[in-house]
Amino acid sequence: MAKITRKPAPRKAPMPKKKAKRAVAKPKASPKNKAPAKKSLRATRPWTPAEIHEVFSRFRKANPEPKGELEHVNPFTLLVAVVLSAQATDAGVNKATRALFEVADTPQKMLDLGEERLRDYIKTIGLYRTKAKNVIALSAKILSDFGGEVPRTRAEIESLPGAGRKTANVVLNMAFGEHTMAVDTHVFRVGNRTGLAPGKTPLEVELGLEKVIPAEFMLHAHHWLILHGRYTCLARKPRCEVCLINDLCRWPEKTV
């Protein structure tokens, strides 16, 4: 019987080993390629008392008797208007309150009007349901706790529903001639941008402005600053070219 011989299977050629990829270090970002840091709104150096006096002297000369733009006929209607103005424009509030104050210009008349009818008058104002509830509640509290008269201290005004520190400062200043500083979004921006009173909160800006503004200007100071922020020192495109104080302003991004 013939012997069967088997040929050994041919060995497969070994697969070439893959070369390990060398880790290529990514070039570090050059400082030039980094996004420019946002410039701070804070001034580089503080104002001198003489410069601050000059600023408010210019404001006074341009507008000796500045007036608030919220329409009112007495301290109570001023209080109501300020409460209604939260997160709303003065023009929008005035449009609603002209008719309202013809029928309800005292706490008792407002209470008699009632929350439902009040809502009809102010429904064009943002958050009108909550505001109507607060106005009726503050009217009742003024009648029960303060003899029907708007109180004349900050703590008492702040105790009223819907009224905070800014509301109290506006009422004390405009209705009773107190030297208070009401800080709204415009005053907050101007205080920080110009460097007059930098602060992280409205209270910091308020206290800073009260500290540096001479007493002779304090009665109208918050109106001058509000109007300056509303019409000149605008949030997005400040009108530096027509600004009364552009030569003194510390803002590093001013365009003059």
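Heads up: numbering here begins at 1 and tracks the sequence.
For the pair Asn63/Pro66, a side-chain contact is recorded, criterion being any heavy-atom separation below 4.5 Å from C-beta on. Using a 4.5 Å heavy-atom threshold, the side chains of Arg230 and Glu69 count as touching. The shortest distance between side-chain heavy atoms of Asp105 and Lys109 falls below 4.5 Å. The shortest side-chain heavy-atom distance between Val187 and Leu209 falls under the 4.5 Å cut-off. Taking 4.5 Å as the limit, every side-chain heavy atom of Tyr128 sits out of range of all side-chain heavy atoms of Leu84. Looking at heavy atoms from C-beta onward, Arg193 lies in side-chain contact with Pro238 at the 4.5 angstrom threshold. Between Ile52 and Leu196 the shortest side-chain heavy-atom distance falls below 4.5 Å. Side-chain contact between Leu79 and Val170 is absent, with no heavy atoms from C-beta onward closer than 4.5 Å.
Shown here for Thr97 and Glu71, the closest heavy-atom pair between the two residues is OG1-O, 4.4 Å. Across every non-hydrogen atom of Pro161 and Lys141, the tightest pair is CD-CD, 4.1 Å. Nearest heavy-atom pair, Asn192 versus Gly199, reported as atom, atom and distance to 0.1 Å: OD1-N, 2.9 Å. Of all the heavy atoms in Ala88 and Val93, the pair that sits closest is CB-CG2, 4.2 Å. Here the closest heavy-atom approach between residue Ala163 and residue Ile157 is recorded as CB-O, 3.4 Å. Here the closest non-hydrogen pair linking Thr167 and Gly162 is OG1-O, 4.4 Å.
Taking hydrophobic clusters as Ile, Leu, Val, Met, Phe, Trp and Tyr residues chained together by side-chain heavy-atom distances below 4.5 Å, Val135 shares a cluster with Val171. No continuous path of hydrophobic side-chain contacts links Val190 to Leu203 [ILVMFWY only; heavy atoms under 4.5 Å]. Residues Val103 and Ile136 fall within the same hydrophobic cluster, defined by Ile, Leu, Val, Met, Phe, Trp and Tyr side chains chained together at heavy-atom separations under 4.5 Å. Hydrophobic clustering (ILVMFWY, side-chain heavy atoms < 4.5 Å, transitive): Trp47 and Met181 are in one cluster. Using a 4.5 Å cut-off between side-chain heavy atoms of Ile, Leu, Val, Met, Phe, Trp and Tyr, with links allowed through other members, Phe176 and Val82 fall into the same hydrophobic cluster.
Note that CZ of Arg58 is 12.5 Å distant from NE2 of His53, once rounded to the nearest 0.5 Å. Interatomic distance, CE of Met110 versus CG of Leu113, reported as 6.5 Å (0.5 Å rounding). The line from CZ of Arg250 to CD1 of Ile245 is 10.0 Å long, rounded to the nearest 0.5 Å. One finds the NE2 atom of His223 at 4.0 Å from the CE atom of Met174 (value rounded to the nearest 0.5 Å). In this structure, the separation between CG on Leu127 and CG on Asn134 is 10.0 Å, given to the nearest 0.5 Å. Rounding to the nearest 0.5 angstrom, the gap separating the NZ atom in Lys67 from the CG atom in Leu227 is 12.0 Å.
Using the six-membered ring where Trp is involved, Phe217 and Trp224 have ring planes that are perpendicular, over 60° apart on the 30 and 60° scheme.
Aromatic ring centres of His72 and Phe101 lie farther apart than the 6.0 Å criterion allows. Taking the six-membered ring where the residue is Trp, the centroids of Phe59 and His220 are separated by 6.0 Å or more.
Using a 4.0 Å cut-off between a side-chain N of Lys or Arg and a carboxylate O of Asp or Glu, Arg165 and Glu206 qualify as a salt bridge. Ion pair Lys95/Asp90 not flagged as a salt bridge, since none of the NZ, NE, NH1 or NH2 atoms sits closer than 4.0 Å to an Asp/Glu carboxylate oxygen. Salt-bridge annotation for Arg129 and Glu115: absent, with no side-chain N of the basic residue lying under 4.0 Å from a carboxylate O of the acidic one. Under a 4.0 Å N-O distance rule, the pair Arg60/Glu216 qualifies as a salt bridge.
A 6.0 Å sphere centred on CD of Glu241 holds more than 12 heavy atoms belonging to other residues, nucleotides or ligands.
Between the side chain of Asn169 and the backbone N or O of Val183, no donor-acceptor pair lies under 3.5 Å. A donor-acceptor pair is defined here as one N or O able to donate and one able to accept, closer than 3.5 Å; such a pair exists between the side chain of Asn173 and the backbone of Leu219. Not a single donor-acceptor pair under 3.5 Å links the side chain of Trp251 to the backbone N or O of Gly195. Judged purely by atom type and a 3.5 angstrom limit, Lys254 uses its side chain to pair as donor or acceptor with the backbone of Asn246. With Thr48 contributing its side chain and Glu51 its backbone, the two residues share a donor-acceptor pair below 3.5 Å. Within the 3.5 Å criterion, the main-chain N or O of Asn74 finds a donor-acceptor partner in the side chain of Thr77. Side-chain N or O atoms of Arg239 include one that pairs as donor or acceptor with a backbone N or O of Tyr231 at under 3.5 Å. Between the side chain of Asn94 and the backbone N or O of Leu70 there is no donor-acceptor pair closer than 3.5 Å. No donor-acceptor distance shorter than 3.5 angstrom exists from the side chain of Asp145 to the backbone of Ile142, with no hydrogens or angles considered. The closest donor-acceptor contact from the side chain of Arg189 to the backbone of Gly229 lies under 3.5 Å.
Listed by chain and residue number, nothing satisfies the ring-ring contact (aromatic ring centres under 6.0 Å, His included) test with His179 (two or more places apart in sequence, or in another chain). In terms of the ring-ring contact (aromatic ring centres under 6.0 Å, His included) criterion, His222 has no residue partners (sequence neighbours excluded).
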Can Cys233 and His186 be said to form a side chain to side chain contact (heavy atoms under 4.5 Å, CB included), step by step? CA-CA 8 Å; Cys233 197; His186 301 298; over 6 Å; no

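For the 3.5 Å distance criterion, the side chains of Glu156 and Thr153 qualify, holding a donor opposite an acceptor.
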